[in-house]
Enquirer: 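What follows is a single structure, and I will ask about it in a moment.
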Amino acid sequence: MGCAPHKIAYVVSSLARCGPNNQLMGIIKNLQQGEFSPVILTCGPEPADTMWPDFHELTKGEIRACSYGRLRWSISGNKWLANEIHAIAPALVHSQNLRPDVAMSHCRLGTPWISTLRNYPFEDYVMLFGGIVGRSLAKMHIRATSKCLRPIACGKTIAELYARHGIQADVVLNGVDTERFRITATDRNPTKLIFTGTLIRRKRIDLAVRLFEQLRQRGLADSMEIIGSGPVQGELRSLSNGLHLRGSVPDVLPYLNGCAIFISMSESEGIPNSVLEALACGLPCILSDIPQHREIQRTVGRFIHLVKPGEDARLEEEGGLIEWVRAMKDSDPLAVRALAVDNFNMRNTSETYQSIYREVIAGAPLASVAHE
């Protein structure tokens with residue numbers, strides 16, 4: 001008789017439809033059957049837009065949910081999580097995000113704990129919650145991460161930012177499910193742009209719309225799909241007549257395949273899922289010039305144009321956005337996709353995580369493992 005598979009307990013805030021949970025789904029979907037068995041623990045109520053049914057099917061129902069609100073969680077959440085992990089008796093715990101990481105830092109179970117670092121708290125939390133609350137939460141998350149056995153950053157930039165706090169993280173690049181995100185259309189609209197993601201101020205959708213409007217005035221764009229919802233959604237209707245605000249959609253694939261160029265002007269990211277999904281569907285990308293986007297451009301090259309601060313005032317310059325957009329009209333979607341498949345394949349991401357699981361479970365020396 002063979003050995004029982006190693007149980008991996010994945011601890012998440014909820015199964016909301018978002019980038020980190022898309023990454024988690026890809027990791028679990030590609031686990032070696034018979035070697036690893038996933039169990040998911042959620043730390044709060046599910047939102048309306050949840051991926052619960054997808055994860056329920058994927059894990060064969062192995063989901064344990066905590067229904068506590070934030071106040072009750074702050075009082076009893078750590079105890080709930082410790083009790084659940086004790087009952088599951090996993091070989092390893094793998095967490096992501098603030099609430100799970102903080103709770104895990106207080107659980108004294110002796111179970112190996114690794115965490116994926118998908119953002120930089122001092123950027124994201126300050127932008128989301130404001131200076132005082134954001135910095136307080138960021139310090140809390142950094143303290144929690146410092147107690148983790150094996151922090152894993154989703155990109156080199158994130159690892160470098162955590163290193164400023166004395167936290168040495170392995171690097172496992174985010175991946176994209178290239179079976180799901182693929183080219184399905186050959187008749188895409190050559191003058192239609194698309195943005196996908198949460199509509200929050202950090203994403204600077206207003207800058208993306210401004211660039212679209214300037215392209216439209218030059219006859220290089222006629223419409224822009226905006227897929228997602230969030231606090232700034234209501235402000236967008238007045239910015240341009242060419243916008244199609246779709247809200248959250250169950251399947252973004254048809255929208256990506258109906259457009260020619262993806263655009264994101266975000267101020268801060270990890271390695272953004274939305275960009276990887278667009279590339280896997282063959283779309284060149286207009287991106288803000290931030291370190292995380294530069295990290296992708298170093299791999300994808302000419303199919304990404306980075307908009308530097310103030311470039312919207314000099315779009316016509318040689319090597320500027322206008323010249324790039326005209327050049328991309330003749331780009332081959334298959335060539336764009338090939339780079340995503342070769343460099344950001346979710347199967348490779350999951351296999352690299354599994355290598356780390358084996359090391360940690362075996363108690364092997366914590367040598368640096370990087371999927372680049």
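This one's a predicted model, so the numbers in the text were calculated from it and none came from an experiment.
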Enquirer: Please name the pair of heavy atoms, one in I194 and one in C259, separated by the smallest distance, quoted to 0.1 Å.
Expert: CB-SG, 3.7 Å
Enquirer: Taking CZ in R70 as the centre, count heavy atoms belonging to other residues, nucleotides or ligands within less than 6.0 Å. Is the count above 12?
Expert: no
Enquirer: Any carboxylate oxygen within less than 4.0 angstrom of a Lys/Arg side-chain nitrogen, looking at R204 and D206?
Expert: yes
Enquirer: Of the non-hydrogen atoms in P190 and K329, which two are nearest, and what is the gap between them?
Expert: O-NZ, 3.7 Å
Enquirer: Under 6.0 Å from the NE2 atom of H86, do we count more than 12 heavy atoms belonging to anything else shown?
Expert: no
Enquirer: Locate the shortest heavy-atom distance separating V102 from H106; write the atom from each residue and the value.
Expert: O-CD2, 3.0 Å
Enquirer: Taking all non-hydrogen atoms of both residues, which atom of R302 and which atom of W324 are closest, and how far apart?
Expert: O-NE1, 2.8 Å
Enquirer: Measure the spacing between NZ of K203 and OG of S268 and express it to the nearest 0.5 Å.
Expert: 8.5 Å
Enquirer: Going by distance alone, is a donor N or O of one side chain under 3.5 Å from an acceptor N or O of the other, for H165 and S146?
Expert: no
Enquirer: In terms of side-chain geometry, is the basic nitrogen of K7 or E62 positioned less than 4.0 Å from the acidic oxygen of its partner?
Expert: no
Enquirer: Provide the closest heavy-atom pair for I183 versus C281 in the form atom of the first, atom of the second, distance.
Expert: CG1-O, 3.4 Å
Enquirer: If I compare all heavy atoms of V171 with all of G155, which pair ends up nearest, and what's the gap?
Expert: CG1-C, 3.8 Å
Enquirer: Between the side chains of N97 and S13, is a donor N or O closer than 3.5 angstrom to an acceptor N or O?
Expert: no
Enquirer: Ignoring hydrogens and angles, tell me if any N or O in the side chain of T198 forms a donor-acceptor pair with the backbone of I200 under 3.5 Å.
Expert: no
Enquirer: Kindly assign one of parallel, tilted or perpendicular to the pair F195 and F262, based on the angle between their ring planes and the thresholds 30° and 60°.
Expert: parallel
Enquirer: Assess the side chains of S350 and Q354: does a donor N or O sit below 3.5 Å from an acceptor N or O?
Expert: yes
Enquirer: Counting N and O atoms only, with roles assigned by atom type, does the side chain of S14 sit under 3.5 Å from a partner on the main chain of A16, one being a donor and the other an acceptor?
Expert: yes
Enquirer: Rounded to the nearest 0.5 Å, what's the gap from CG on L283 to CZ on F181? Could you check?
Expert: 12.0 Å
Enquirer: Please identify which of these residues, H94, E35, Q32, meets the side-chain hydrogen bond (donor to acceptor under 3.5 Å, both in side chains) condition with Y357.
Expert: H94
Enquirer: I'd like to know if K192 and D222 make a salt bridge, using a cut-off of under 4.0 Å between side-chain N and carboxylate O.
Expert: no
Enquirer: Between K156 and E295, is there a salt bridge with N-O shorter than 4.0 Å?
Expert: no
Enquirer: Report the distance from atom CG of L287 to atom CD1 of I296, rounding to the nearest 0.5 Å.
Expert: 6.5 Å
Enquirer: Between R326 and E323, is there a side-chain N and carboxylate O pair less than 4.0 Å apart?
Expert: no
Enquirer: If we ignore angles and hydrogens, is there a donor and acceptor under 3.5 Å between the side chains of N257 and T184?
Expert: yes
Enquirer: Might you confirm whether atom CD of Q33 has over 12 heavy atoms from other residues, nucleotides or ligands at distances under 6.0 Å?
Expert: no
Enquirer: For K147, does the NZ atom sit with more than 12 other heavy atoms under 6.0 Å from it, leaving out its own atoms?
Expert: yes
Enquirer: Are there more than 12 heavy atoms of other residues, nucleotides or ligands under 6.0 Å from atom CZ of R347?
Expert: no
Enquirer: Take atom CD1 in I75; do more than 12 heavy atoms of anything else shown fall under 6.0 Å from it?
Expert: yes
Enquirer: Classify the ring geometry of H6 against F36: parallel below 30°, tilted from 30° to 60°, perpendicular beyond 60°.
Expert: tilted
